[in-house]
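As structure tokens, the structure follows; a few thoughts come after it.
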Amino acid sequence: MIAIALNAAIIFMMYFPDFRNNFTLEVIDQFFIGLFVLEAIIKIRAMGREKYFSIGWNKFDFIIVVLSLPTLLTHLVTIPDTSLFLILRLFRLTRLVRFVRFIPNLTQILSGLGRALKASVFVLMTLLFLNFLLAIVTCHFFAEVAPEKFGDPIISAYHIFQLFTIEGWNEIPEEIVPALNHRWLVWATRFYFGVIVLIGGIFGMSLANAVFVDEMTIDNNAVLETKIDSLQNQISELKSLIQEQQQNNS
């Protein structure tokens, strides 16, 4: 795992302009490739070929290692650009997902995440439909005025979603306003985009967040309700004992 993370850091550095084609980094990167090849060979010999390839992670590692082999030949022979294989090796970082199992209460978190996604489906579909509708309407009115933002429904949907996130809520209408000829069109445009931000950004996204968070934390509420119910039962039993004692004394 440490070797994978270190190799990813080296690949990360190799994409900085000052370190592109850096001989030292390339040698270190090739060292890691050799290390991974050696790891695969040792595992295959120790576990046997059938047992080794019966494990999904081993198959995944072996494919990445094989795809990385051309990089070892870059200083020996002239071969096509291997930068794609460099990127493919970053997929080995998916093995770091194994560390997730050490997160406390992981089962409870995943259960809450599943509930939150299910509960949010209707809200997200509503937002998607609203985005689709507003994208077409906005494209109809402003395609010629601002073609780079609303020239077609896809581009328009992207910028409408941007408004839903309250990003550029004032810059976008202000870019359109100078192209309008009448004062009432200016105010109508500002009002229109304000309504988009209000409905999609403030109400819509806030509702989606509220539903998601509420479902994620419902387990905590369930635990609290269980404790309260247990406490109420204990209080009821205590009252019954006190009443019985009073009756006996009388």
Test item: Asn209 side-chain N/O and Met205 main-chain N/O as donor-acceptor pair under 3.5 Å: yes
More than 12 heavy atoms from other groups under 6.0 Å of CD on Glu148: yes
Gap separating the CD1 atom of Ile28 from the CG atom of Asn22, nearest 0.5 angstrom: 8.0 Å
Distance (rounded to the nearest 0.5 Å) between Ile202 CD1 and Ile166 CD1: 5.5 Å
Side chains of Ile44 and Phe62 in contact at under 4.5 Å (non-hydrogen atoms): yes
Pairwise distance CD1(Ile196) to CZ(Phe164) - rounded to 0.5 angstrom: 7.0 Å
Beyond-backbone contact of Tyr192 with Leu134, side-chain heavy atoms, under 4.5 angstrom: yes
Distance (rounded to the nearest 0.5 Å) between Leu124 CG and Asn131 CG: 12.0 Å
Expected output: side-chain Ser156 to main-chain Pro153 donor-acceptor under 3.5 Å: no
Close side-chain approach of His159 and Thr138, heavy atoms under 4.5 Å: no
Close side-chain approach of Ile172 and Phe150, heavy atoms under 4.5 Å: yes
Separation of Glu171 CD from Phe193 CZ (nearest 0.5 Å): 12.5 Å
For Ile136, the rest of its hydrophobic cluster, which grows through side-chain links under 4.5 angstrom: Phe132
Path from Trp169 to Phe191 over hydrophobic side-chain contacts below 4.5 Å: yes
Verify same cluster id: Leu163, Tyr158 (apolar side-chain graph, 4.5 Å): no
Joint cluster assignment, Leu6 & Phe16, ILVMFWY side-chain distance < 4.5 Å: yes
Hphob cluster co-occupancy, Leu185 + Val177, side-chain heavy atoms under 4.5 angstrom: yes
Check: Thr189 and Phe142 side chains under 4.5 Å, non-hydrogen atoms: yes
Ile154, CD1 atom: more than 12 neighbouring heavy atoms under 6.0 Å: no
Atom CD of Glu167: over 12 foreign heavy atoms under 6.0 Å: no
Same apolar cluster: Val137 and Ile155, side chain cutoff 4.5 Å: no
Minimum heavy-atom distance between Gly204 and Val123, given as atom pair plus value: O-CG1, 4.3 Å
Over 12 non-hydrogen atoms of neighbours within 6.0 angstrom of CZ in Phe161: no
Nearest non-hydrogen partners of Leu127 and Ala208, listed with the distance: CD1-CB, 4.2 Å
Parallel, tilted or perpendicular, as decided by the 30° and 60° cut-offs, for the rings of Trp184 and His182: parallel
Gap between atom CG of Leu128 and atom CE of Met125 - 0.5 Å precision: 7.5 Å
Asn58 side chain near Phe53 side chain, heavy-atom distance below 4.5 Å: no
